[in-house]
2 protein chains.
Amino acid sequence: MGDYISMLKQNGLKTTFQRLYIMQVIDDYGHLDIDEIYSKVLLVHPSISLATIYKNILTLVEKKVIKEVPIEGKKSKYEILKQDHFHLICIECGSVEDCDYEELSGVVSSSSRHHHFLQKKVELSVYGYCKKCIDKINEKS
Amino acid sequence: MGDYISMLKQNGLKTTFQRLYIMQVIDDYGHLDIDEIYSKVLLVHPSISLATIYKNILTLVEKKVIKEVPIEGKKSKYEILKQDHFHLICIECGSVEDCDYEELSGVVSSSSRHHHFLQKKVELSVYGYCKKCIDKINEKS
DNA sequence: TGGAAATCAATAAAAATTATCCAAAAGGAA
DNA sequence: TTCCTTTTGGATAATTTTTATTGATTTCCA
């Protein structure tokens, strides 16, 4: 749980309750899409508008306070910006797990250099089945 | 340039001109989004409907004849299914370049296993500036 | 070649995203 | 604090994107 207020101030953004709570729920749950954020914020702030969610997500992404995680065939999810990592995305339940990127980082950036490509950021996603879903499938058989 | 007809037959799909040409332009250009595909197919088949593009993309993705390449903040692009590789995505001009995945593959899959995750496919995208755009920027200064 | 099944085009409908506009709130300066 | 400027939020409209429907056309195998 981070210091959302100073993260916002550093980027010249005003700290409204709506904005703070959007960051809060994203951080709490790790990875949420627009609808999930909306429904969770609605619970504690019933008057919030969906357009407010969209607007805030846009500005928070622009200011690099949060990060978009695009997902094949689904809506993008968003996460609080954190240390480099990659994602294990379950194609059964949709869960997203963070994974340490360390060992990979060197190989990827040297590969970018080799292609005369100026690397700014890396997005690595592994699609498959998470442990929970594997277990669930095994139980049935 | 592949044998589109047998790729379709293997998946029980009929080989219509529209479908073949959709595969053709994707293959020719490497990576295209829906609108790009539509406008290019329109040139040689002026009566095609945008809905036809959507429907075909959907079935071709389902049958794994083509693959979705999700891109942050933009529409997904599509590519003909080919050997594992990753993408260098230029945030200046939007170009997408394929890159050999070989060296990385082992590290990624061992990392998945370590998390008890059953890996099905990997999507790795590096965002940054391609050589052309770097040169263009340097010329100006 | 005939005919069932798949596909297409056109269009409507639905879903997702963005823009507009005015009231409300935030945050700095006095 | 209080005032004032600027940003933001909420409601809603507009736009964009995607999906569903329907009847006509095409594919392809027997």
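Proteins come first, then strands; the chains are lettered A, B, ... in the order of their sequence lines, and each starts at number 1.
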Taking [atom1] from [X] and [atom2] from [N], how many angstroms apart are they, rounded to a whole number?
X: B:I57; N: C:dC8; atom1: CD1; atom2: C1'; value: 15 Å
X: B:N56; N: C:dA6; atom1: CG; atom2: P; value: 15 Å
X: B:Y21; N: D:dT26; atom1: OH; atom2: C1'; value: 20 Å
X: A:F17; N: C:dA24; atom1: CZ; atom2: P; value: 19 Å
X: A:N11; N: D:dT6; atom1: CG; atom2: C1'; value: 17 Å
X: B:D35; N: D:dT18; atom1: CG; atom2: P; value: 7 Å
X: A:L42; N: D:dG9; atom1: CG; atom2: P; value: 14 Å

Tell me what [X] touches on the nucleic acid: a base, only sugar-phosphate, or nothing, going by heavy atoms under 4.0 Å.
X: A:T52; answer: base
X: A:K55; answer: base
X: B:L58; answer: nothing

- Task: Step through it carefully: locate the ring centre of B:H45, locate the ring centre of B:F17, and say whether they are under 6.0 Å apart.
- Result: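 Yes, ring centres under 6.0 Å apart.
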
- Item | hbond_proxy B:K14 side chain to C:dA5 base (donor-acceptor, 3.5 Å cutoff) |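 It does, because a donor-acceptor pair links the side chain of B:K14 to the base of C:dA5 below 3.5 Å.
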
- From CA spacing to verdict: salt bridge (charged side-chain N to carboxylate O under 4.0 Å, His left out), B:K67, B:E123: CA-CA 10 Å; B:K67 186 175 163 313; B:E123 174 72 26; 2.6 Å; yes

- Query: Going by distance alone, is a donor N or O of one side chain under 3.5 Å from an acceptor N or O of the other, for B:S76 and B:E68?
  - Reply: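 The answer is yes; a qualifying pair exists.
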
- Item | Minimal non-hydrogen separation, B:L124 against A:V108, with atom names |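 Result for this residue pair: CD2-CG2, 4.2 Å.
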
Among [options], which nucleotide has an atom closest to any side-chain atom of [X]?
X: B:I48; options: C:dA9, C:dT7, D:dT18; result: C:dA9
X: B:T15; options: D:dT8, D:dA11, D:dC28; result: D:dC28
X: A:T16; options: C:dT11, D:dT8, D:dG10; result: D:dT8
X: B:H45; options: C:dA9, C:dT18, D:dG10; result: C:dA9

Does [N] have OP1 or OP2 sitting under 4.0 Å from an N or O in the side chain of [X]?
X: A:S47; N: D:dG10; answer: yes
X: B:Y54; N: D:dT19; answer: no
X: B:Q18; N: D:dT26; answer: no

- Message: Judged by each residue's nearest nucleotide on DNA chain D, which is more toward the 5′ side, B:L50 or B:K9?
- Response: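 Going by which nucleotide is closer to the 5' end, it is B:L50.
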
- Query: Does the cation-pi check pass for A:K120 over B:Y127, that is, NZ or CZ under 6.0 Å from the six-membered ring centre and within 45° of its axis?
  - Reply: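 Not flagged: A:K120 not positioned over aromatic ring of B:Y127.
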
